[in-house]
Trainee: 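Attaching a single structure in structure tokens format; questions to follow.
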Amino acid sequence: MAYQAGGQRPAPRPVPESCDAQAYLQDYAVLLESLPFPSLVVDHRWDVVMANGAFETLFRGVRPHPTAMPGHNFLRFVLFHPDAADLLGEHEAGWCLPALAHLRTALETYGHDNELQAIRRDIAQDPFMEAAYRQGLPHWIRAVGEAGARLDGAVRLLLHPDPRRGPTECRIVEETPEILRGLGLRRLTMVLRDPRRAPAPARRARRPRGAPTHLTVVPASQG
């Protein structure tokens, strides 16, 4: 089933018990698979309910991780996976700080959600991430405005593993039909742009597993 596209999730996410809802999601998965760009459907926790083959191709090379695989919870991947910066260009400003902003918003709405609380606890256990969440994020929001964390229409940099693409800008497009929204889900698609429009930053060396995360928005001395 397309709910397990990419083979990165240990078990399929629960789907609604309604036969009509299940049939809709099955057909929607077929639609998702037909898209040429990386596309995924997530819930309010950023758990990935389904993703297409282009999404799998983009993240196929990431190393195994117990909690932060991109096909499991995309928010955790952005924040905690040591390979995230190898694929998500301008990782801190373009992906990590917006992800922290999305987490903050989700916690304001679903404050008692166990998974969101678990993500928050994991941030608190990393002094650099905690400093970024408490100090760096408010500073960043003041600098760029609330629109800086907006998903729909945002242009972000990908370091695509396909050498024909390499550093490639993508525009994130959020298109969520009414039925999907009613199920508490939303679809995000990374529309890949002409690689020639994007800068070509040097790839970073992979960070060893267990190495501390240092977000430069907050000096290390403040962690």
Trainee: What are the two closest heavy atoms between Pro98 and Gly148, and how far apart are they?
Mentor: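 Heavy-atom minimum between the residues: CG-O, 4.3 Å.
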
Trainee: Looking at Asp83 and Val62, would you say the former's side chain and the latter's main chain have a donor-acceptor pair under 3.5 Å?
Mentor: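 No, the answer is negative, given that no donor and acceptor are paired below the 3.5 Å cut-off.
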
Trainee: Holding to side-chain contact (heavy atoms from CB on, under 4.5 Å), I want the full list of residues that pass it with Gln125, two or more places apart in sequence or in another chain.
Mentor: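 Testing Gln125 for side-chain contact (heavy atoms from CB on, under 4.5 Å), a comparison that skips the adjacent residues, returns Asp122.
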
Trainee: How far apart are the closest heavy atoms of Leu183 and Ala21, and which atoms are they?
Mentor: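 Where Leu183 meets Ala21 most closely, the heavy atoms are CD2-CB, 4.3 Å.
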
Trainee: Enter the distance from Leu97:CG to Glu90:CD here, rounded to the nearest 0.5 Å.
Mentor: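 So the CG of Leu97 and the CD of Glu90 are separated by 12.5 Å.
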
Trainee: Return the minimal non-hydrogen interatomic distance between Leu32 and Ser39, and the atom names on each side.
Mentor: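 Heavy atoms only, the tightest pair is CD1-OG, 3.2 Å.
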
Trainee: Does any N or O in the side chain of Glu56 come within less than 3.5 Å of the main-chain N or O of Ala51, such that one atom is a donor and the other an acceptor?
Mentor: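 Not at all, since once roles are kept as given, no pair shorter than 3.5 Å links the two residues.
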
Trainee: Quick one: CZ on Arg165 to CG on Leu192, what's the gap to the nearest 0.5 Å?
Mentor: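 With rounding to 0.5 Å, CZ (Arg165) is 4.5 Å from CG (Leu192).
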
Trainee: So, Trp95 side chain and Gly89 main chain: donor-acceptor pair closer than 3.5 Å or not?
Mentor: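 Answer holds: yes.
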
Trainee: Can you name the side-chain hydrogen bond (donor to acceptor under 3.5 Å, both in side chains) partners of Asp162, sequence neighbours left out?
Mentor: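 Residues passing side-chain hydrogen bond (donor to acceptor under 3.5 Å, both in side chains) with Asp162: Arg164.
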
Trainee: Nearest 0.5 Å, please: how far is CZ in Arg156 from CG in Leu88?
Mentor: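 Output value for this atom pair is 9.5 Å.
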
Trainee: Is there a side chain to side chain contact (heavy atoms under 4.5 Å, CB included) between Cys96 and Leu79 once you walk through the steps?
Mentor: CA-CA 6 Å; Cys96 196; Leu79 294 176; 3.6 Å; yes

Trainee: Report yes if the side chains of Pro161 and Leu58 come closer than 4.5 Å at any heavy-atom pair, otherwise no.
Mentor: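 Counting from C-beta outward, Pro161 and Leu58 do come under 4.5 Å.
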
Trainee: Does the side chain of Val42 come within less than 4.5 Å of Leu75's, by heavy atoms?
Mentor: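 When only atoms from C-beta onward are counted, Val42 and Leu75 do not touch, as no gap falls below 4.5 Å.
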
Trainee: For residues Asn52 and Pro38, report the shortest heavy-atom separation together with the two atoms involved.
Mentor: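 Nearest heavy atoms, Asn52 then Pro38: OD1-CA, 3.8 Å.
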
Trainee: Under the side-chain hydrogen bond (donor to acceptor under 3.5 Å, both in side chains) rule, collect the residues that match up with Arg134, sequence neighbours excluded.
Mentor: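 If we apply the side-chain hydrogen bond (donor to acceptor under 3.5 Å, both in side chains) test to Arg134, skipping adjacent residues, the hits are Glu130.
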
Trainee: For Ala106, which residues count as a side-chain contact (heavy atoms from CB on, under 4.5 Å) partner, sequence neighbours excluded?
Mentor: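 Counting only residues at least two positions away or on another chain, Ala106 forms a side-chain contact (heavy atoms from CB on, under 4.5 Å) with Leu116.
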
Trainee: Looking only at atom types and distance, does a side-chain atom of His72 sit under 3.5 Å from a main-chain N or O of Pro66, one as donor and one as acceptor?
Mentor: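 Not at all, since once roles are kept as given, no pair shorter than 3.5 Å links the two residues.
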
Trainee: Is the backbone N or O of Val191 less than 3.5 Å from a side-chain atom of Arg171, with the two atoms forming a donor-acceptor pair by type?
Mentor: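 No, the answer is negative, given that no donor and acceptor are paired below the 3.5 Å cut-off.
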
Trainee: Counting C-beta onward and ignoring hydrogens, is there a side-chain heavy-atom pair between His65 and Pro82 closer than 4.5 Å?
Mentor: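 Counting from C-beta outward, His65 and Pro82 do come under 4.5 Å.
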
Trainee: Quick one: does any side-chain atom of His91 pair with a main-chain N or O of Val78 as donor and acceptor, under 3.5 Å?
Mentor: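 Yes, His91 side chain to Val78 backbone: donor-acceptor pair under 3.5 Å.
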
Trainee: How about Leu25 and Leu180: do any of their side-chain heavy atoms sit closer than 4.5 Å?
Mentor: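 Heavy-atom side-chain distance check passes, below 4.5 Å.
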
Trainee: Give, for atom CZ of Arg63 and atom CE of Met69, the distance between the pair rounded to the nearest 0.5 Å.
Mentor: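 With rounding to 0.5 Å, CZ (Arg63) is 10.5 Å from CE (Met69).
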
Trainee: Just jot down the ring pair (Phe, Tyr, Trp, His ring centres under 6.0 Å) partners of Phe37, sequence neighbours excluded, or say none.
Mentor: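 With sequence neighbours excluded, Phe37 shows a ring pair (Phe, Tyr, Trp, His ring centres under 6.0 Å) to no residue whatsoever.
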
Trainee: So, do Arg45 and Tyr110 sit near enough that their side-chain heavy atoms are less than 4.5 Å apart?
Mentor: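 Result no, sub-4.5 Å side-chain heavy-atom pair not found.
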
Trainee: Any pair with a residue in residues 94-103 that passes salt bridge (charged side-chain N to carboxylate O under 4.0 Å, His left out), sequence neighbours left out, goes on the list, sorted by first then second residue, please.
Mentor: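 As it turns out, there is no salt bridge (charged side-chain N to carboxylate O under 4.0 Å, His left out) pair with a partner in residues 94-103 once direct neighbours are skipped.
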
Trainee: Side-chain contact test, heavy atoms from C-beta onward, threshold under 4.5 Å: evaluate it for Pro70 versus Val48 and give yes or no.
Mentor: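 Result no, sub-4.5 Å side-chain heavy-atom pair not found.
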
Trainee: Is there a side-chain contact between Asp86 and Leu159 in this structure, where contact means two heavy atoms from C-beta onward sitting under 4.5 Å apart?
Mentor: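 Counting from C-beta outward, Asp86 and Leu159 never come under 4.5 Å.
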
Trainee: Any side chain to side chain donor-acceptor pair (under 3.5 Å) involving residues 177-188? Give me the pairs, sequence neighbours left out, ordered by first then second residue.
Mentor: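 Side chain to side chain donor-acceptor pair (under 3.5 Å) check on residues 177-188 returns Tyr28-Arg187, Glu175-Arg187, Arg187-Thr189.
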
Trainee: Would you give the length of the straight line joining atom NE2 of His44 to atom OG1 of Thr105, rounded to the nearest 0.5 angstrom?
Mentor: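 Atom-to-atom, His44:NE2 and Thr105:OG1 are 13.5 Å apart.
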
Trainee: Give a yes or no answer on whether the side chain of Glu169 reaches the backbone of Asp194 with a donor-acceptor pair at less than 3.5 Å.
Mentor: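 Side chain of Glu169 to backbone of Asp194: no pair is present.
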
Trainee: Which heavy atom of Pro36 sits nearest a heavy atom of Ala54, and at what distance?
Mentor: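 Result for this residue pair: O-CB, 3.6 Å.
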
Trainee: Who passes side-chain contact (heavy atoms from CB on, under 4.5 Å) against Arg150, sequence neighbours left out?
Mentor: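 Partners of Arg150 by the side-chain contact (heavy atoms from CB on, under 4.5 Å) criterion come out as none, since no residue qualifies.
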
Trainee: I'd like to know if the side chain of Thr168 reaches the main chain of Gly166, judged simply by a donor and an acceptor atom lying under 3.5 Å from each other, with no hydrogens or angles considered.
Mentor: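 Yes, Thr168 side chain to Gly166 backbone: donor-acceptor pair under 3.5 Å.
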
Trainee: Has the side chain of Asp43 got a donor or acceptor atom that lies under 3.5 Å from a matching backbone atom of Val49?
Mentor: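 Absent.
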
Trainee: Could I get the full list of side-chain contact (heavy atoms from CB on, under 4.5 Å) partners for Val144, not counting sequence neighbours?
Mentor: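 Checked Val144 against side-chain contact (heavy atoms from CB on, under 4.5 Å); matches are Trp140.
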
Trainee: Only counting residues at least two apart or in another chain, list the ones meeting salt bridge (Lys or Arg N to Asp or Glu O under 4.0 Å) with Asp27.
Mentor: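 Scan of Asp27 (salt bridge (Lys or Arg N to Asp or Glu O under 4.0 Å), adjacent residues dropped) gives none.
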
Trainee: Can you give me the closest heavy-atom contact between Tyr133 and Pro138, atom names plus distance?
Mentor: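 Looking at all heavy atoms of both residues, the shortest contact is O-CD, 3.6 Å.
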
Trainee: Could you tell me whether the side chain of Trp46 reaches within less than 4.5 Å of the side chain of Leu40, counting heavy atoms only?
Mentor: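 Side chain of Leu40 against side chain of Trp46, heavy atoms only: no contact under 4.5 Å found.
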
Trainee: In this structure, would Ile119 and Leu151 fall into the same cluster of hydrophobic residues linked by side-chain contacts under 4.5 Å?
Mentor: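 Yes, because Ile119 and Leu151 connect within a single hydrophobic cluster, where side-chain heavy atoms sit under 4.5 Å apart.
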
Trainee: Roughly how far, to the nearest 0.5 Å, is CG of Leu185 from CE of Met50?
Mentor: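 Spacing of CE (Met50) from CG (Leu185) equals 7.5 Å.
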
